[in-house]
Amino acid sequence: MREGFRQSMAWLHTWSGLLVCWVLMLVFAAGTASYFKEEITLWMTPELHAGASAPVSQQVALERAVAHLERNAAAAKRWFITLPTERSGAIRVGWVAQPKDGANGNARSRFKSEILDPATGQKQSAARQTRGGEFLYRLHFDLHYMPVVWARWIVSICALFMLVAIVSGIITHKRIFKDFFTFRPGKGQRSWLDAHNATAVLALPYHVMITYTGLVTLMFMIMPWGIQSAYKEQGESSFFAEVFPTGAGRNDKAGGPARLAPLGPIAQQAEAHWNGARLATIVVNDPGHENASVVITRQRTRTLSYLQPAMVFDGVTGAQSSIVGEGPSAVAVTRGALYGLHMAHFADAWLRALFFICGLSGCVMVASGALLWAVKTRQKQARALAQGAARSVGLRLVDALNIGVIAGLPIAFAAYFWANRLVPVDLPQRPQMEINCFFAAWAAAAVLAQLRPSMGMWRFQLSVGAAMLMGIPLLNGLTTHSHLGVTLFQGRGPWPVAGFDITVLLLGVALALVVRVLYRREKKQAKVPPAGKVAAARLTETA
Amino acid sequence: MSLLGFALALVLAYGGWGALAMAMDRHYADIHGRGAEPEPALRRRMRGLGTLGIVLVFGVAVRMQGWTIGVVGGLGVLAIAGVLQVLSLTYVPARMPWVARWAAYAAAPLAILWLIESGT
């Protein structure tokens, strides 16, 4: 019975994993990259690099933002100011224009935003259009080229299967402690199993956490009835109001004209209230009117939760009128903590690097699991294959998908970054062009893999991926003035740009090492006569 | 998380995992030759030291970042040290005990520097 249970769990693990592994690979890879989405966006807008290495104080940044808004958007309904953070030096300003003829039209169509150079306070007109890391972040759960709702359902179901695979995998793994540190390279199936186990077990807390919290962030889609029953009396909307305390300080009537209170002292008041925490965003409702209000939020500090309180001030007198979301409800804290744990906004650079490495180990776990299925199945068909028979349809399909996803994704990511530097800056629809490059490169890799799923194709695609990734720092050196020579060797920063270059370089080197191992193995196998191969396959089968 | 704190947690985790691996038959044999088995006393000592190392990793992480984030950070450090340990045991098993021992020795000065830096 015991053995039977374990075997049925092994079956469940194999098939729940195999069914979704290629989507999971994309989700893991894009999600891992998203830990550094702001750094990626900075790297992809080289025009902002100079400003990022000479940060200004928050007070100066705020003065410049207000001056710019008073010049360009004095008549706006609402101002938004995003102050520079540790991770991105630029000031972002935005405003919503007054609705025409008093009509309550779509606020989004009246919204304009600009990026200011923190050093001069002038508009950064030259910054190229790109979606940067935001694309990778959205790709992580909204996929692309399909309605968002479908995509979230697909990702949710894959995450659910992932959770099933994790639990059944733990049960199946008989020697979880005995094989804790075990890795035996060069032994075919055994090595893949060891690699799969090691990357899964060593980062197990991370895998469980990220899958579970990922499910929770998508839970509004999967289990709406849970919320409906718990909040039956007040209705669903009260849950949302409890979780997202936004829209504070808004007034229907703007009132007559009045001078806006200086924002500097207001910001100082907020800073003092939060014990000197840096401010994140400042929203001014109805600037220049009697009912003006100022809403200030704090930068996400080092608490686990994603939720941050906001302070509301009177926009004319400058007096504090209320505080929102300080001491939030238990529901909000729980959801905020789970959400925050998934997004890792609380993390400093060190912790984010740890998450990134754990994410990479997740990619290796998914990839090695997918490969393991192919290796095992090939061994089952070893005798037929040795007699010259073709692979079964299933094995051929899995082989091709493995190449297209595992070797193809690095090519797609690299193509996205190459496109960022090579697509002309003034092209219309430029962000979409970059994204198209991502998918065109990936589609090419996937189609080639379907046409010829062979070892040669593995080597070819991994070599291309390695070369493209290693070429990125070079490309950056040729197309910008913030290459590694400046950012690292002259020590002038910005450090996120240097970090990006080094990371893609290391990933490229890792792929190149894999290619080297494949070449060596090919050479070794060429020396062994075919009869020996069959015997070796039989040996490993019995072992 | 500071560089010193991170380095301290990492050497503690590497040393801790190393000690635990030394108490396991397979890895002991990998290090000392086929068929060698650890003495019961050695096994107990290594298990104790290993557990102590792991506990100290959490101690360092929690002191740096509090109970919530510290635990997450500690688990992350342990995962990375675990991967390093797997690679050491696979490719340089004979040298691992030496590296792990010196990692443990290095923990003492690192801890002092870290305590001074973060202000006791």
Side-chain angles (χ1 to χ4, degrees), chain A residues 35 175 177-187 190-191 194-210 213 300-305 333-334 336-338 340-362 364-365 513, chain B residues 1-10 13-14 16-31 46-47 50 54 57-58 60-62 64-93 96-97 100:
Chain A
Y35 285 131
R175 300 156 58 85
F177 291 112
K178 269 194 172 161
D179 280 353
F180 199 80
F181 298 114
T182 307
F183 179 55
R184 290 155 285 189
K187 291 208 172 98
R190 172 119 312 269
S191 309
D194 282 345
H196 188 60
N197 287 343
T199 47
V201 172
L202 288 171
L204 187 63
Y206 172 83
H207 297 317
V208 175
M209 178 278 282
I210 213 73
T213 55
R300 299 208 167 91
T301 45
R302 307 268 296 289
T303 54
L304 211 50
S305 176
V333 167
T334 307
L338 291 172
L341 208 50
H342 192 84
M343 312 263 283
H345 274 306
F346 59 84
D348 57 6
W350 290 101
L351 203 51
R352 211 167 311 117
L354 290 182
F355 269 65
F356 183 78
I357 294 173
C358 287
L360 284 181
S361 94
V364 175
M365 172 184 73
L513 287 175
Chain B
M1 215 186 267
S2 67
L3 177 63
L4 273 174
F6 179 75
L8 174 61
L10 195 64
Y14 183 88
W17 285 138
L20 287 177
M22 288 276 281
M24 291 162 76
D25 286 341
R26 175 186 294 138
H27 301 300
Y28 192 86
D30 282 348
I31 295 161
M46 284 299 153
R47 283 202 179 136
I54 307 297
V57 170
F58 281 109
V60 171
V62 167
M64 267 193 293
Q65 300 187 300
W67 270 108
T68 47
I69 299 171
V71 175
V72 180
L75 287 171
V77 169
L78 284 175
I80 290 177
V83 171
L84 289 177
Q85 193 57 253
V86 167
L87 293 175
S88 317
L89 282 167
T90 305
Y91 294 103
V92 284
M96 191 283 289

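A, B, ... follow the sequence lines: proteins, then strands. Residue 1 opens every chain.
Contact annotation for A:Phe183: both backbone and side-chain heavy atoms come within less than 4.5 Å of a heavy atom of chain B. Only the backbone of A:Phe177 comes within less than 4.5 Å of a heavy atom in chain B; its side chain stays farther off. Using a 4.5 Å cut-off between heavy atoms, A:Thr199 does not touch chain B at all.
For the options B:Leu89, B:Val86, B:Leu87, B:Asp30, heavy-atom pairs under 4.5 Å to chain A are most numerous at B:Val86. With chain B as the partner, the residue from A:Ala198, A:Ala203, A:Pro205 showing the most heavy-atom pairs under 4.5 Å is A:Pro205.
Using a 4.5 Å heavy-atom threshold, the side chains of A:Asp348 and B:Gln65 count as touching.
Ring geometry, A:Phe181 versus B:Trp17: the interplanar angle exceeds 60°, so the pair is classed perpendicular (tilted spans 30 to 60°).
In this structure B:Tyr14 satisfies the ring pair (Phe, Tyr, Trp, His ring centres under 6.0 Å) test with no other residue, sequence neighbours excluded. For B:His27, there are no side chain to side chain donor-acceptor pair (under 3.5 Å) partners two or more places apart in sequence or in a different chain.
Between B:Val83 and A:Leu202, the closest heavy-atom pair is N-CD1, 3.6 Å.
The structure places CG of A:Leu354 at 10.0 Å from CG of B:Leu78, a figure rounded to the nearest 0.5 Å.
Comment: B:Arg26 engages A:Asp179 in a salt bridge, judged by a side-chain N to carboxylate O separation of less than 4.0 angstrom.
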